[in-house]
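Residue numbering restarts at 1 for every chain, and letters A, B, ... go by the order of the sequence lines.
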Amino acid sequence: MSKQQQQNPNQNQKQAPKTAISPTRDENFPEWYQQVVRSADMAENSETRGCMVIKPWGYGVWELIQRQLDVYFKDTGHKNAYFPLLIPVSYLEKEAAHVKGFATECAVVTHHRLEAEPQADGSVKMVPAGKLSEPYVIRPTSETIIGAAFARWVQSYRDLPLLINQWANVMRWEMRPRLFLRTAEFLWQEGHTAHETPEEAMTETRLMHGVYEKFLREHLAIPAIPGEKTEAERFPGALNTFTVEAMVQDRKAIQAGTSHFLGQNFSRASGIQFQTRDGKQEFGWTTSWGMSTRMIGTVIMAHADDDGLVLPPRIAPTHVVILPITPKEETRAAVLEAADKLAAELRQISYHGAAIEVEVDRRDLGGGVKNWEWIKKGVPLRVEIGPRDLESGNVAVTRRDQPVKAKEFLPSGEFVARAAELLYAIQQNLLARAQQFRDENTRVIETKEEFYDFFTPKNREKPEIHGGFALAHWNGTREVEEQIKNDLKVTIRCIPFGEGEAGTCPFTGMPSAQRVVWAKSY
RNA sequence: CGGGCCGUAGCACAGCUUGGUAGUGCGCUUGAAUGGGGUUCAAGAGGUCCCGGGUUCGAAUCCCGGCGGCCCGACCA
């Protein structure tokens with residue numbers, strides 16, 4: 001691409017690109033993603049390696065995700081709390097599988113101060129001093145330190161269930177960062193609960209799993225397949241891991257939220273013990289579940305198009321942007337006044353129990369620059385109001401889920417009356433669209449040949465977007481999973497719930513209890 | 001940690017082969033026009049050419065060493 005620009009820079013500048021984002025999804029999906037994030041002004045890379053700066057527009061989306069998820073947590077009886085960023089290394093060591101899973105990506109704090117060390121050239125270098133007797137890791141997750149707290153808080157069966165959630169940042173030293181999708185530091189929530197019986201803990205695990213599935217569908221307009229992880233993909237230290245797997249537009253899978261049944265592994269490790277109803281001592285049964293800023297990346301890859309971000313209205317920081325068209329100085333004041341009046345009327349309208357968020361963009365920018373900015377930001381509704389509309393009483397409305405030029409003129413009053421309805425319709429349409437995309441790219445597969453063909457690009461040199469979700473049988477062994485992963489980089493994303501029909505594993509000819517979902521993944 | 005590529009203005013890059021005044025586009029500032037679609041014109045600001053050493057009258061350019069980044073692989077909530 002850069003070569004083309006070098007060869008013919010003038011032509012490239014004069015030809016207005018057909019799409020706001022280049023390259024397009026088909027041309028280069030990963031690069032398209034980066035450009036969407038940048039064009040929407042959501043986040044940027046920081047000078048701290050692997051970490052991002054989340055800018056107001058991106059953080060606004062996160063705040064809405066946070067706010068709405070939190071309601072579900074509260075509704076299901078959870079309370080928020082906060083635990084330390086730094087975890088003593090000895091805590092991690094308590095659970096063997098857990099420490100093994102996270103050891104390779106821990107940032108370690110070994111010192112507690114800096115000392116000035118004069119250099120030969122006269123400058124001063126600050127070097128770590130005050131070595132800690134026991135190092136800390138910056139939390140990659142908080143099971144161990146929350147477990148230690150739970151051990152203090154839980155004495156009796158009367159203290160159970162203990163239902164806690166924390167909103168926090170965590171750090172996992174990633175080798176290959178990508179904005180929102182995989183960064184060294186990210187924001188998330190982690191729920192941690194302790195229960196009296198395994199049944200109760202499992203019910204909790206499944207309940208929160210259901211909350212995630214519902215949240216994705218109703219708030220992010222993403223249909224996800226709920227199911228269980230195989231042993232190979234399980235959370236380190238968990239007995240069961242449940243996932244919601246979404247498909248994004250390059251047809252890969254992304255894990256959009258996980259809920260773990262931890263059995264007594266972590267309560268043994270942390271000493272979460274309680275006196276039972278019949279006076280015995282027993283270890284508690286714990287769960288944990290989390291959803292992160294990765295959801296923002298998921299939303300982008302699920303809904304954005306070649307003109308930039310497309311936000312589901314429920315998580316759009318601004319629902320309606322009003323663009324005053326002020327071609328002549330004489331009419332300028334009247335147009336702005338009408339725009340403000342329209343904004344005020346819209347703010348009286350309720351959408352999902354809160355006022356519609358409206359912004360009047362009065363910046364003195366020329367032409368369609370402003371309009372394109374809002375397109376790239378993914379605002380659900382754009383409304384133009386100009387001198388001609390003052391006379392006709394109309395406004396020009398464009399939905400972000402429709403083509404850029406699909407402008408509809410509506411009487412101003414009618415638009416106000418229908419604004420909430422339009423937002424519901426956009427939300428609905430995005431979900432339907434994503435659902436259709438997933439269905440079109442999900443295939444029931446019976447043979448090994450068909451399977452390998454499905455996941456092999458036609459053009460080896462420059463792989464096109466290919467594959468999708470494959471529903472195929474599996475004999476339940478780790479060996480098969482391993483083999484497929486080595487051959488195709490395809491893994492089992494989940495074992496879906498529901499009555500699975502038995503069949504034959506296409507890779508081994510052995511019996512299979514049910515079909516599982518295979519895909520390449522993020 | 002292995003293989004490849006690259007460090008020049010806020011961003012994207014040209015210039016390096018063949019050493020000789022630091023460039024282009026976007027963005028930014030100011031002014032004017034324009035105004036239902038990514039607008040135009042004019043003026044302007046902005047650089048330790050990654051760092052250190054060497055060769056040379058002279059280094060962004062050549063040589064040596066270092067540091068940093070990107071991509072592919074490996075690893076992976």
Side-chain angles (χ1 to χ4, degrees), chain A residues 1-22 28 30-31 34-35 38-39 44-45 47 49-50 98 100-106 120-121 123 139-141 143 170-178 181-186 188 190 229 232-238 241 243 254-258 260 288-294 307-308 323-329 331-332 335 364-376 382-390 392 394-398 404-405 407 409 463 485-486 489 491 521-522:
Chain A
M1 187 192 67
S2 61
K3 267 186 185 158
Q4 282 176 2
Q5 283 176 346
Q6 286 162 29
Q7 283 164 3
N8 208 340
N10 288 328
Q11 191 186 19
N12 223 314
Q13 281 149 26
K14 281 186 179 172
Q15 282 178 344
K18 288 198 299 271
T19 58
I21 303 296
S22 87
N28 185 343
E31 181 60 23
Q34 310 260 52
Q35 293 302 326
R38 212 167 64 90
S39 304
E44 61 190 23
N45 282 307
E47 35 291 281
R49 198 190 164 281
H98 188 66
K100 190 157 171 269
F102 286 107
T104 56
E105 44 187 347
C106 284
D121 64 0
S123 67
R139 62 182 163 219
T141 178
E143 272 73 8
V170 289
M171 177 158 271
R172 297 176 185 177
W173 209 263
E174 294 293 347
M175 285 293 123
R176 264 219 219 154
R178 272 240 258 159
L181 296 174
R182 181 175 286 135
T183 47
E185 180 188 13
F186 59 91
W188 77 344
E190 47 181 326
K229 283 293 189 192
E233 301 271 327
R234 202 174 284 159
F235 177 74
T241 287
T243 178
I254 185 163
Q255 180 173 300
T258 48
H260 316 291
S288 70
W289 26 275
M291 194 176 252
S292 73
T293 38
R294 184 180 234 200
D307 289 319
L323 302 162
I325 310 293
T326 55
K328 294 194 180 70
E329 199 50 51
T331 52
R332 185 183 180 84
V335 168
D364 187 20
L365 284 177
V369 176
K370 267 198 268 193
N371 192 25
W372 280 102
E373 257 183 44
W374 291 106
I375 291 168
K376 288 184 282 192
R382 306 189 302 283
V383 181
E384 291 166 17
I385 180 162
R388 296 209 292 266
D389 306 311
L390 295 189
S392 67
N394 286 339
V395 291
V397 179
T398 318
V404 166
K405 287 175 189 159
K407 200 190 292 187
F409 287 89
K485 187 178 176 181
N486 287 337
K489 288 181 198 155
T491 50
S521 76
Y522 276 93

Pairwise C1' distance, B/C6 and B/C13 [rounded to whole Å]: 12 Å
A/Q35 CD to B/A12 P, straight-line distance once rounded to whole Å: 10 Å
Using purine N1 to pyrimidine N3 plus N6-O4 or O6-N4 for Watson-Crick, or N1-O2 and O6-N3 for G-U wobble, each under 3.5 Å, what pairs with B/A14? none
Closest listed nucleotide, where the reference is the side chain of A/R38 and the choices are B/G35, B/C76, B/C11: B/C11
Checking A/T326 against A/R332: is there a side-chain donor and acceptor pair closer than 3.5 Å? yes
Once ring-ring contact (aromatic ring centres under 6.0 Å, His included) is applied, do any residues pair with A/W188, and if so which ones, sequence neighbours excluded? A/F186
Just to be sure I understand the rule, does A/F102 reach a base, reach only the sugar-phosphate, or reach nothing, if contact means heavy atoms closer than 4.0 Å? sugar-phosphate
Any strand is fair game: report the nucleotide pairing with B/A60 by Watson-Crick or G-U wobble, both distances under 3.5 Å, or none. none
For A/E105, what residues pass the salt bridge (Lys or Arg N to Asp or Glu O under 4.0 Å) criterion, not counting sequence neighbours? none
Distance between the P atoms of B/U29 and B/A14, in whole angstroms? 27 Å
At under 4.0 Å between heavy atoms, what does A/F409 touch on the DNA or RNA strands: base, sugar-phosphate, or nothing? base
For A/H260 and A/T241, which I'm curious about, is there any donor-acceptor pair between the side chains at under 3.5 Å? yes
Atom pair distance, as rounded to whole Å: NZ in A/K328 and C1' in B/G36: 11 Å
List the residues meeting side chain to side chain contact (heavy atoms under 4.5 Å, CB included) with A/K405, not counting sequence neighbours, and say none if there are none. none
Rounding to a whole Å, what distance do you find between A/R388:CZ and B/G35:P? 12 Å
How long is the line joining CD of A/E105 and C1' of B/C1, in whole Å? 16 Å
Pairing partner (Watson-Crick or G-U wobble, both distances under 3.5 angstrom) of B/A45: none
Closest non-hydrogen atom pair, A/P236 against A/H98: O-ND1, 3.3 Å
Take atom P in B/G38 and the same atom in B/C26, then report the distance between them in whole Å. 16 Å
Output the rounded distance in Å from CD (A/E44) to P (B/G27). 18 Å
Looking only at atom P, what distance separates B/U34 and B/C41, rounded to whole Å? 15 Å
Quick one: which of B/G35, B/G38, B/C76 gets closest to the side chain of A/A20? B/G38
Residues which pass salt bridge (Lys or Arg N to Asp or Glu O under 4.0 Å) with A/K376, listed by chain and number, not counting sequence neighbours: none
Using only modelled atom types and a 3.5 angstrom limit, is any donor from either the side chain of A/D389 or the base of B/G36 paired with an acceptor on the other? yes
When the P atoms of B/G66 and B/U24 are considered, how many whole Å apart are they? 36 Å
Integer angstrom distance from the P of B/C67 to that of B/A74: 26 Å
Applying the Watson-Crick and G-U wobble criteria at under 3.5 Å, what pairs with B/G27? Answer none if nothing qualifies. none
Can you tell me the distance, in whole Å, between the CH2 atom of A/W372 and the P atom of B/U39? 11 Å
Could you check whether atom CZ of A/R234 has more than 12 heavy atoms from other residues, nucleotides or ligands sitting under 6.0 Å from it? yes
So which one's nearest nucleotide on RNA chain B is more toward 5', A/W188 or A/I21? A/I21
With sequence neighbours excluded, tell me which residues meet side-chain hydrogen bond (donor to acceptor under 3.5 Å, both in side chains) with A/R382. A/N371
What pairs of nitrogen or oxygen atoms, one from the protein and one from nucleotides 2-7 of chain B, lie under 3.5 Å apart?
none

Salt bridge (Lys or Arg N to Asp or Glu O under 4.0 Å) with A/E233: which residues, sequence neighbours excluded? A/R493
Is there a Watson-Crick or G-U wobble partner for B/G19 with both distances under 3.5 Å, and which nucleotide is it? none
When both distances are under 3.5 Å in a Watson-Crick or G-U wobble arrangement, the nucleotide paired with B/C76 is none
Please report the shortest heavy-atom distance between A/T19 and A/I21, naming the atom on each side. OG1-O, 2.9 Å
What N/O pairs connect the protein and nucleotides 67-74 of chain B at under 3.5 Å? Give each pair on its own line.
unit_1: B/C72; atom_1: OP2; unit_2: A/R176; atom_2: NH1; d: 3.0
unit_1: B/G73; atom_1: OP1; unit_2: A/K489; atom_2: NZ; d: 3.0
unit_1: B/G73; atom_1: N7; unit_2: A/R176; atom_2: NH2; d: 3.2

Strictly by Watson-Crick or wobble contacts shorter than 3.5 Å, is anything paired with B/G35, and which nucleotide is it? none
Check salt bridge (Lys or Arg N to Asp or Glu O under 4.0 Å) between A/E185 and all other residues, then give those that pass, not counting sequence neighbours. none
Separation between the C1' atoms of B/U40 and B/G46, rounded to whole Å: 24 Å
Which part of the nucleic acid, if any, lies within contact of A/P387, taking any heavy atom under 4.0 Å across all strands shown: a base, the sugar-phosphate backbone alone, or nothing? base
Quick one: A/R294 CZ to B/C76 P, roughly how many Å, whole number? 15 Å
Complementary nucleotide for B/C70 - Watson-Crick or wobble, under 3.5 Å: B/G4
Expressed in whole Å, how much space separates the P atoms belonging to B/G54 and B/G2? 31 Å
May I have the distance from A/K370 (atom NZ) to B/G35 (atom P), rounded to whole angstrom? 15 Å
